Amino acid sequence: MKKIMNEAGNIVEEMLQGIVKSYPELIHRVADSRVIAKNEKVEQVGLVSGGGSGHEPAHAGFVGNGMLSAAVLGDVFTSPTPDQVQTAINEANQGKGVLLIVKNYTGDILNFDMAKEMAAMDDIQVESVVVDDDIAVENSTYTAGKRGVAGTILVHKILGDAARKGQSLAELKELGDKVVQAIKTIGVALRAATVPEVGKPGFELAEDEIEYGVGIHGEPGYRREKLQPSKVLAKELVTKILADYTEKPKEVGVLVNGMGGTPLMEQFVFMNDVLALLEAENINVTFHKVGNLMTSLDMQGLSLTMIDLKDKDWREALISDVQTISW
């Protein structure tokens with residue numbers, strides 16, 4: 001294992017220190033916590049998300065004006081505790097209530113729900129939106145139902161814009177549930193991630209082998225086969241995503257997300273192939289995003305996310321300016 005680190009057991013703590021020291025004009029760390037919050041305090045509904053570390057820049061990289069109010073980080077691939085989530089809620093609360101954006105993993109659901117109950121005891125109104133955009137498999141190691149993956153970032157962006165415009169907690173909850181239903185994602189892995197404290201890849205793939213549908217914690221996908229050209233990979237993922245929509249969308253946004261170990265050169269090649277396929281389907285792509293947004297440490301691979309932009313306001317929200325580290 002080769003990693004730029006000091007002690008494996010201290011890597012999350014040192015990462016947190018590095019983040020806030022690198023961007024002190026945008027964010028700060030709440031004392032005695034693993035919560036990263038935006039410096040600017042605005043009277044609006046607070047947005048909180050988070051989860052295990054190892055998915056950087058998610059979620060701390062999306063804290064700032066126009067996106068999240070605060071992000072809470074657990075250990076690598078491990079949910080933050082209810083107390084840590086409650087700290088994030090308290091920090092984000094500006095008197096208008098707090099909305100939790102939670103990826104659908106058992107630990108996250110349990111701990112964020114518990115924090116929600118704790119906040120209610122302090123008379124803080126809290127609602128939650130659960131993101132389950134991964135259509136690759138129905139159940140996996142970490143969750144019952146579909147997993148929450150890269151589409152979560154699009155939820156941050158659309159709800160962040162709506163919160164900034166003054167929507168209420170109830171309105172944001174309703175909007176979030178609608179947005180989640182419009183988002184679909186599938187990933188593909190070329191090489192597994194290596195957790196620092198484990199020291200070896202989470203699963204084995206031969207040099208000429210790939211796996212479709214792998215999750216962001218290395219959960220199993222739905223098929224392994226020999227490595228294929230980008231056009232073949234794109235065809236597989238685009239076909240499955242379009243088939244999952246009840247009606248073929250007319251206008252979409254597309255996110256090609258790197259898993260942490262895939263060069264941008266390859267991500268752009270893949271996006272080029274995806275766009276050619278969607279053009280052939282007469283689907284208009286009006287929002288594009290390429291980059292490492294929801295990673296899995298050093299995993300080689302990528303994911304494809306589509307959002308049905310049936311609501312024109314969603315596209316405007318996606319292209320609106322924000323002040324964050326990583327959007």
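We number each residue from 1, following the sequence as shown. None of the values given here were measured: they were computed from a predicted structure.
- Under the side-chain contact (heavy atoms from CB on, under 4.5 Å) test applied with I19, the options L26, I325, V63 reduce to a single match, I325.
- One finds no salt bridge joining K178 and E171 here, because no Lys/Arg side-chain nitrogen approaches an Asp/Glu carboxylate oxygen to under 4.0 Å.
- The nearest pair of heavy atoms linking F112 to L100 is O-CD1, 3.7 Å.
- Closest approach of A234 and D273 over heavy atoms only: CB-CB, 3.8 Å.
- The closest side-chain heavy-atom distance from E127 to K116 is below 4.5 Å.
- L175 and V130 end up in different hydrophobic clusters when Ile, Leu, Val, Met, Phe, Trp and Tyr side chains are linked at under 4.5 Å.
- Judged by the 6.0 Å distance and 45° axis criteria, K289 is positioned over the aromatic ring of W327.
- With rounding to the nearest 0.5 Å, the separation of CG in D244 from CD1 in I135 is 4.0 Å.
- F62 has its side chain within reach of S326: a pair of non-hydrogen atoms, C-beta onward, lies under 4.5 Å apart.
- Interatomic distance, S303 OG to L237 CG, rounded to the nearest 0.5 Å: 9.0 Å.
- Residues V179 and V252 fall into different hydrophobic clusters, defined by Ile, Leu, Val, Met, Phe, Trp and Tyr side chains chained together at heavy-atom separations under 4.5 Å.
- For CG of D208, the number of neighbouring non-hydrogen atoms (other residues, nucleotides, ligands) closer than 6.0 Å is greater than 12.
- With contacts defined as side-chain heavy-atom distances shorter than 4.5 Å, the pair L16/V20 does not qualify.
- L297 and P196 get closest at one heavy-atom pair: CD1-CD, 4.1 Å.
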Exercise. When you look at I101 and L159, which way does the side-chain contact (heavy atoms from CB on, under 4.5 Å) test go after all the steps?
Worked result: CA-CA 9 Å; I101 302 173; L159 294 190; 4.0 Å; yes

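- In this structure, a donor-acceptor pair under 3.5 Å is absent between the side chains of Q84 and N111.
- Open room surrounds NZ on K250; 12 or fewer heavy atoms of other groups in view lie less than 6.0 Å from it.
- With contacts defined as side-chain heavy-atom distances shorter than 4.5 Å, the pair I210/L205 does not qualify.
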Exercise. Would E211 and V214 count as a side-chain contact (heavy atoms from CB on, under 4.5 Å) if you check the C-alpha gap in whole Å, the side-chain angles of each, and the deciding distance to 0.1 Å?
Worked result: CA-CA 6 Å; E211 183 162 353; V214 169; 3.4 Å; yes

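- Looking at T152 and V102, their side chains never come closer than 4.5 Å, going by heavy atoms from C-beta outward.
- Open room surrounds NZ on K96; 12 or fewer heavy atoms of other groups in view lie less than 6.0 Å from it.
- Using a 4.0 Å cut-off between charged nitrogen and carboxylate oxygen, D75 and R34 count as a salt-bridge pair.
- Of all non-hydrogen atoms in L304 and V238, the two that sit nearest each other are CD2-CG2, 3.7 Å.
- Put simply, CD on E266 and CG on L233 are 10.5 Å apart, with the number rounded to the nearest 0.5 Å.
- The residues R164 and D161 are annotated as salt-bridged, a charged nitrogen and a carboxylate oxygen being separated by less than 4.0 angstrom.
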For this session: Let me see the working for Y105 and I109 under side-chain contact (heavy atoms from CB on, under 4.5 Å), right down to the final yes or no.
Result: CA-CA 6 Å; Y105 295 98; I109 296 294; 6.0 Å; no

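- V85 places none of its side-chain heavy atoms less than 4.5 Å from the side chain of V35.
- Here E281 pairs with K248 in a salt bridge; the nearest charged N to carboxylate O distance falls below 4.0 Å.
- For the pair K184 and Y245, the distance from NZ or CZ to the six-membered ring centre is under 6.0 Å and the angle to the ring normal is within 45 degrees.
- The aromatic rings of F77 and H55 lie parallel to each other, with less than 30° between the two planes, well short of the 60° mark.
- The number of heavy atoms from other shown groups lying within 6.0 Å of CD (E7) does not exceed 12.
- The closest side-chain heavy-atom distance from V30 to T87 is below 4.5 Å.
- For the residue pair N6 / E14, a side-chain donor-acceptor distance below 3.5 Å is found, with atom types taken as modelled.
- Between the side chains of S320 and K157, at least one donor-acceptor pair of N or O atoms lies under 3.5 Å.
- E56 CD to M294 CE: the interatomic distance, rounded to the nearest 0.5 Å, is 10.0 Å.
- With rounding to the nearest 0.5 Å, the separation of CD in E138 from CZ in R147 is 10.5 Å.
- In terms of heavy atoms, S53 sits closest to V12 at OG-CG1, 3.6 Å.
- Taken from CD1 in I11 to CD in E13, the straight-line distance is 12.0 Å, to the nearest 0.5 Å.
- The minimum heavy-atom distance between M114 and P82, with the atom names listed, is SD-CG, 3.6 Å.
- Residues H59 and K103 bring a donor and an acceptor atom of their side chains to less than 3.5 Å of each other.
- E236 pairs in a side chain to side chain donor-acceptor pair (under 3.5 Å) with only one of the listed residues (Q228, R223, K231), which is R223.
- Residues T185 and D134 have side chains that never bring a donor and an acceptor to within less than 3.5 angstrom of each other.
- Listed by chain and number, the residues in a side-chain hydrogen bond (donor to acceptor under 3.5 Å, both in side chains) with K312 are E251 (sequence neighbours excluded).
- A side-chain N or O of E225 and one of Y212 form a donor-acceptor pair less than 3.5 Å apart.
- Contacts classified as side-chain hydrogen bond (donor to acceptor under 3.5 Å, both in side chains) and involving residues 188-200 (residues at least two apart or in different chains) are not found.
- Annotation: side chain of N90 is in contact with side chain of I124 (closest heavy-atom distance under 4.5 Å).
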